[in-house]
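Report on the following structure.
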Amino acid sequence: MATLAFASLTSPPFWSARRSLPIHGRFAFLHKTLGWGRRSLLLPITCSSSESEPNQNADSDAKTAPLSSSSLTDKLYVGLGGVGFLETTYLTYLKLTNSDAFCPIGGGSCGDILSSDYAVVFGVPLPLFGMVAYGLVATLGVQLLTAKKLPFGIGESNARLVLLGTTTSMAAASACFLYILSTKFSGASCSYCLLSALLSFTLFFITLKDLGLEKVQKEVGLLLCIASLVFVTLNRSYSAYPPVSSSPSEIDLPYFTTEITTPSSPFAIALAKHLKAIGAKMYGAFWCSHCVEQKQMFGREAAKLLNYVECFPGGFRKGTIMEKACIDVGIEGFPTWVINGQVLSGEKDFTELAQESGFELNESSPPP
């Protein structure tokens, strides 16, 4: 900060001219206040060498300002949208590869629902739609949060309207699927379906709060049109392709046994005897194709030696609960092996079973 010296106006002509003028009214007050009757008039004059100080103060205030509600909302878009994107990407992969879903609750409910015809809309895997929707929400959230250029040159206000339309369609679809889950899959539970519904409704309500009541009221007609379009689309899809019911509530399977036709190798028999000796158990269900394939791998003689636990000995129908021994293990899918206290899900080859059980592999008894 540079400061100029005080300027002293003391020249006699200037002062004489000022004194020759009559002083009345308010000027008399200024005359007394400013000391115009003295021999000199000091004028403080300052000059700033830079205008950066006000800007620096503004920048400092901006840095210390609390996080705005918009910033917090945008972070929620990114976080929740990202979680939904990862979940639907995993489900899309399972659907496209016809793989079994990991079901935290157990009993195969997640796989039954994912493999049903309700998981397809006009021939397109349902999770793929969710992946696109969640990806759009997360992407717009990142761009709003970082103030980057939005796609197609849309402004921030229009971007938030896009988010409102997207989350509205997601919430409408989730409401429809929850209805289907409760009516067509009575007694079944799908952790992925419930998580997706939670994320969709949360994002929808966050968007409503972000825009405010006044703005939302102006868009009520648009929201109703979007929700109606979602309901009509899903209804037409499921009407055009009547799904073959895979609901546990409509299945009544009496217990049956499957004949194992393959012969057992000496190694398979030796491994089966070892597994039984150490108390290893195989948990399965009579209707599980993977369980049958696991037994076929051991062969007819060796399969009889296995310590096999049937989780549905009374058949499978509405309200059927797995055997307590299977529930206690915390089965996530069939078959499930319990070897030396370790739970192994899915089919296992001879080498893995031998390693987990401590069965020694040697040249005289190589695995087939």
Side-chain angles (χ1 to χ4, degrees), residues 86-87 89-112 114-115 189-192 255-313 316 321-368:
L86 292 177
E87 180 204 17
T89 299
Y90 169 66
L91 295 178
T92 300
Y93 167 77
L94 294 180
K95 189 66 177 175
L96 294 177
T97 59
N98 294 320
S99 302
D100 291 333
F102 167 78
C103 193
I105 296 179
S109 297
C110 298
D112 294 338
L114 185 62
S115 61
S189 180
C190 176
S191 304
Y192 302 107
Y255 176 78
F256 60 86
T257 58
T258 302
E259 183 181 0
I260 307 301
T261 58
T262 58
S264 298
S265 66
F267 179 86
I269 294 176
L271 177 60
K273 290 181 178 179
H274 172 74
L275 290 172
K276 184 176 182 179
I278 64 173
K281 295 182 179 181
M282 172 186 169
Y283 296 81
F286 66 94
W287 43 261
C288 170
S289 60
H290 297 287
C291 301
V292 175
E293 292 173 1
Q294 183 79 92
K295 292 180 180 179
Q296 292 282 15
M297 184 182 73
F298 274 90
R300 183 171 49 253
E301 297 81 10
K304 295 179 181 179
L305 299 174
L306 295 175
N307 192 352
Y308 174 75
V309 179
E310 172 59 51
C311 293
F312 297 95
F316 188 84
I321 301 177
M322 289 191 300
E323 289 290 289
K324 185 177 183 303
C326 300
I327 297 176
D328 292 341
V329 171
I331 290 176
E332 298 174 351
F334 298 114
T336 293
W337 289 89
V338 177
I339 302 175
N340 295 329
Q342 186 175 1
V343 179
L344 306 173
S345 297
E347 293 181 59
K348 304 300 176 184
D349 57 31
F350 284 151
T351 301
E352 186 172 0
L353 289 173
Q355 291 176 348
E356 294 295 338
S357 64
F359 184 72
E360 295 184 0
L361 297 172
N362 49 61
E363 295 181 357
S364 61
S365 58

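For the numbers below, each heavy atom of this structure counts, side chains included, while hydrogens, waters and symmetry mates do not.
Checked against side-chain contact (heavy atoms from CB on, under 4.5 Å), P266 has no partners two or more places apart in sequence or in another chain. Not counting sequence neighbours, the partners of C326 by the disulfide (SG to SG under 2.5 Å) test are C311. Take Q342 and apply the side-chain contact (heavy atoms from CB on, under 4.5 Å) test, not counting sequence neighbours, and it matches L344, E356. Annotation: side-chain contact (heavy atoms from CB on, under 4.5 Å) contacts of T97 (sequence neighbours excluded): Y93, S99.
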- Task: Decide side-chain contact (heavy atoms from CB on, under 4.5 Å) for M282 and C291; before the verdict, give the C-alpha distance in whole Å, the side-chain angles of both, and the deciding distance to 0.1 Å.
- Result: CA-CA 9 Å; M282 172 186 169; C291 301; 4.2 Å; yes
Side-chain donor/acceptor pairs under 3.5 Å, residues 295-302, sequence neighbours excluded:
from: Q296; atom 1: OE1; to: T261; atom 2: N; distance (Å): 3.3
from: Q296; atom 1: OE1; to: T262; atom 2: N; distance (Å): 3.3
from: Q296; atom 1: OE1; to: T262; atom 2: OG1; distance (Å): 3.2
from: R300; atom 1: NH1; to: T261; atom 2: O; distance (Å): 2.9
from: E301; atom 1: OE1; to: S264; atom 2: N; distance (Å): 3.0
from: E301; atom 1: OE1; to: S264; atom 2: OG; distance (Å): 3.0

Show me the donor-acceptor pairs, under 3.5 Å and distance only, between side chains in residues 269-279 and residues at least two apart or in other chains.
from: H274; atom 1: NE2; to: S357; atom 2: O; distance (Å): 2.9

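E293 CD to T258 OG1: the interatomic distance, rounded to the nearest 0.5 Å, is 11.0 Å. The distance from the OG1 atom of T89 to the CD atom of E87 is 9.5 Å, given to the nearest 0.5 Å. With rounding to the nearest 0.5 angstrom, the CD atom of Q294 is 11.0 Å from the OH atom of Y308.
Distance alone, capped at 3.5 Å, places no donor-acceptor pair between the E323 side chain and the E310 backbone.
Using cut-offs of 30° and 60° on the angle between ring planes, the pair F359 and F267 is perpendicular.
More than 12 heavy-atom neighbours from other residues, nucleotides or ligands sit within 6.0 angstrom of NZ on K348.
Taking every heavy atom of both residues into account, I321 and I327 meet most closely at CG2-CD1, 3.6 Å.
F312 has its ring centre no less than 6.0 Å from the ring centre of F286.
Between Y283 and V343, every side-chain heavy-atom pair lies at or beyond the 4.5 Å cut-off.
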